[in-house]
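Heads up, the thing below is written out as structure tokens.
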Amino acid sequence: MDTAFLLRILPVLLEGLEITVALTALALVGAAIGGLIVVAGRRSRFAAMRGVTIAYIDVMRNTPVLVQIFILYFGLPEIGLFPEAFACGVIALVLQNSAYAGEIYRAGIESVKRTQTEAALSLGMMPRRALFDIVLPQALRRVLPVLGNQAVVILKDSSIASTISVTELTQAGKLLLDRSAAPYETFFMMAALYLAMAAVLLGGMKLLAWRFPVRT
Amino acid sequence: MPEPLPELLPESLVVIDRVGKSFGANRVLKEVSLTVGKGEVVTLIGPSGCGKTTLLRCVNFLETYDSGAISIEGETVGIRIGADGRRTARPDREVAAMRARVGMVFQSYNLFPHLTVLDNLTVAPIKVRGLPLRQAREKAMALLERVGLSEKAAQYPAALSGGQQQRVAIARTLAMEPHLILLDEVTSALDPELVGEVLDVVQSLAADGMTMMIVTHEMQFAREVSSRVAFMAAGEIVELASPADLFGSPKSDRLRSFLGRYQAAHRI
């Protein structure tokens, strides 16, 4: 392996990495919040709201994020909207992962015993406060590892934005490849960078899990 | 006209008026009526499935009821009954305000496992009553002192024994300064050697004049702590009397056979 070559391509890849980090960070925050909306709809007292949410979850989870990106990027112009490629990438990742995050939250909430809510209510808390102050903190701790895995999925899926000309890490690598014809070094470097970012994400989750341990 | 003796005519705090409830086809409460005076300790005993826990849970509306009415301090619980007799649900806010004045202690303690013992005691006073943090903590420490657990303030519930957890649960309820406390089989989940420490705390509350409704299987305790004891069977109150009368001279066959079976089971 040509280390001098690796060092030469590194700055180009790091520029792509910046875009990947931005894509992933925005999608993470968006999906974390979107998931709350999804779980609220999924657990709504109104059947119609639950129905709409279930349909949303099914559509989002059972279609490839690649197709969703194409619909946004190539479909929206048909109705007169021309979103930027980067925005399309973020939106597609948020739409799909909000569905996943919502279902992960739900699994956590339903794993907390009903008696916890009863204890909170019997102390005079409103149902919403019981959910936010008593149930959610316990639920989130339990699903932290699963949320961590989903965060890595978002990171990896951000590479799909390369198909609509966002120069994130994968696209940067592809462009390098066209110029250098050194696939082995380029893709090895890319993989190492993705691995490093995933390690940071998972390390962060480990830290959170250490700071907020599950207690029973 | 002479003043009525307060011991004989206590101001009623809870009025349960012909309350009925069904789970599907199963009628768990059949027109149950019961009044609890201020400062009274009323104990509900009876065989499993007789409806005593359901009745207790109706009093703070953790369980809805189908007919009749429960009032606490003159206010109907969970529902409003119009002049024409129509029943409408009370908004969450009103139900929560009622529950803030009614404490409940559960069989399985139900402490909040992610909060320290101290935070278990302060979370509701701070979030529901709006008490300043410092004041809430001082009060919580005083209550932990009272149940003999002030050295556990910084621990998490999982580090405590069952008896200690239940004493914390009682202190958590007291932190809201309730006018009435409901205790639902608070010693049933405990190892026998831990029962005493919890009953001692309940006993001390009774001595302080706290109004309580207690569901229990501990007959000796019921005898010692109660102002009156209600024996329930098949969704009805079969007998209601002072502990001396109820345990000393049971009138109905059902109570006699219940007490007989209890004594047989507890003879060593």
Side-chain angles (χ1 to χ4, degrees), chain A residues 32 35-36 39-41 43-47 49-50 104-148 205-216, chain B residues 56-57 59-63 78 91-117 119-130 155-160 165 168-169 172-184 189:
Chain A
L36 288 175
V39 74
R43 290 169 49 84
S44 165
R45 69 174 93 178
F46 303 109
M49 191 71 221
R50 291 197 299 274
I104 294 170
Y105 292 156
R106 186 165 71 96
I109 290 169
E110 287 175 2
S111 79
V112 176
K113 281 204 195 109
R114 168 79 196 154
T115 50
Q116 285 288 305
T117 305
E118 287 188 351
L121 294 178
S122 76
L123 287 165
M125 291 189 197
M126 297 279 280
R128 181 166 306 233
R129 171 155 327 268
L131 177 66
F132 276 89
D133 287 11
I134 301 300
V135 176
L136 266 184
Q138 299 182 55
L140 290 179
R141 286 161 204 239
R142 289 187 194 180
V143 296
L144 258 181
V146 194
L147 286 174
M205 283 294 174
K206 281 255 157 62
L207 209 64
L208 273 178
W210 173 79
R211 173 66 186 77
F212 299 106
V214 176
R215 299 178 198 270
T216 47
Chain B
L56 200 70
R57 288 166 59 86
V59 172
N60 73 347
F61 213 58
L62 281 184
E63 210 77 74
D92 286 347
R93 184 169 303 282
E94 290 181 17
V95 175
M98 174 275 293
R99 288 189 183 129
R101 290 182 278 119
V102 179
M104 185 157 202
V105 185
F106 300 87
Q107 180 176 349
S108 50
Y109 339 126
N110 302 352
L111 293 177
F112 305 131
H114 63 300
L115 300 179
T116 63
V117 165
D119 290 344
N120 263 277
L121 267 66
T122 56
V123 61
I126 290 171
K127 306 265 180 171
V128 177
R129 288 239 190 280
Q155 304 257 11
Y156 285 88
L160 274 58
Q165 289 195 47
V168 171
R172 178 177 69 176
T173 291
L174 291 174
M176 287 297 284
E177 300 183 346
H179 302 182
L180 163 73
I181 301 182
L182 312 170
L183 297 105
D184 184 16

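Below, chains carry the letters A, B, ... as their sequence lines are ordered, and counting in each starts from 1. What you are looking at is a predicted structure, and each value in this text was computed from that prediction instead of being measured.
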Can you tell me if Y105(A) uses its side chain to pair, donor with acceptor, with the backbone of A40(A) under 3.5 Å?
no
Nearest 0.5 Å, what's the CG-OH distance between N120(B) and Y109(B)?
14.0 Å
Pick one of side chain, backbone, both or neither for V102(B), based on which atoms fall under 4.5 Å of a heavy atom in chain A.
backbone
So which part of T115(A) gets closer than 4.5 Å to some heavy atom of chain B, the side chain, the backbone, both or neither?
both
At a heavy-atom distance under 4.5 Å, which candidate from A124(B), P178(B), G103(B), A175(B) has the highest pair count against chain A?
A124(B)
V168(B) vs Q165(B) side-chain heavy atoms within contact, under 4.5 Å
no
L62(B) versus M104(B), closest heavy-atom pair with distance
CD1-SD, 3.7 Å
Ranked by heavy-atom pairs below 4.5 Å to chain A, first place among R129(B), K127(B), R172(B) goes to K127(B)
For T117(A), what residues pass the side chain to side chain donor-acceptor pair (under 3.5 Å) criterion, not counting sequence neighbours?
none
Find out whether L111(B) and V117(B) are in side-chain contact, i.e. whether some heavy atom of one side chain is under 4.5 Å from a heavy atom of the other.
no
Less than 4.5 Å to any heavy atom of chain B: does that hold for the side chain of R141(A), its backbone, both, or neither?
side chain
Please give me the minimum heavy-atom distance between R142(A) and S111(A), naming the atom from each residue.
NH1-O, 2.6 Å
Who in residues 118-126 of chain A is close to chain B, using a strict under-4.5 Å heavy-atom cut-off?
E118(A), A119(A), A120(A), L121(A), S122(A), L123(A), G124(A), M125(A), M126(A)
Below 4.5 Å from any heavy atom of chain A, which atoms of R57(B) appear? Answer side chain, backbone, both or neither.
side chain
Are the side chain of Q116(A) and the backbone N or O of V135(A) linked by a donor-acceptor pair below 3.5 Å?
no
Identify which part of F106(B) has an atom lying under 4.5 Å from any heavy atom of chain A, answering side chain, backbone, both or neither.
side chain
Give, as side chain, backbone, both or neither, the part of L182(B) having an atom under 4.5 angstrom from any heavy atom of chain A.
neither
Check residues 91-100 of chain B and write down every donor-acceptor pair under 3.5 Å in which the side-chain atom is one partner and the other belongs to a residue at least two apart or another chain.
residue	atom	partner	partner atom	Å
E94(B)	OE1	R90(B)	NH1	2.7
E94(B)	OE2	R80(B)	NH1	3.4
R99(B)	NE	N60(B)	O	2.9
R99(B)	NH2	F61(B)	O	2.8

Which residues share a side chain to side chain donor-acceptor pair (under 3.5 Å) with S44(A), sequence neighbours left out
none
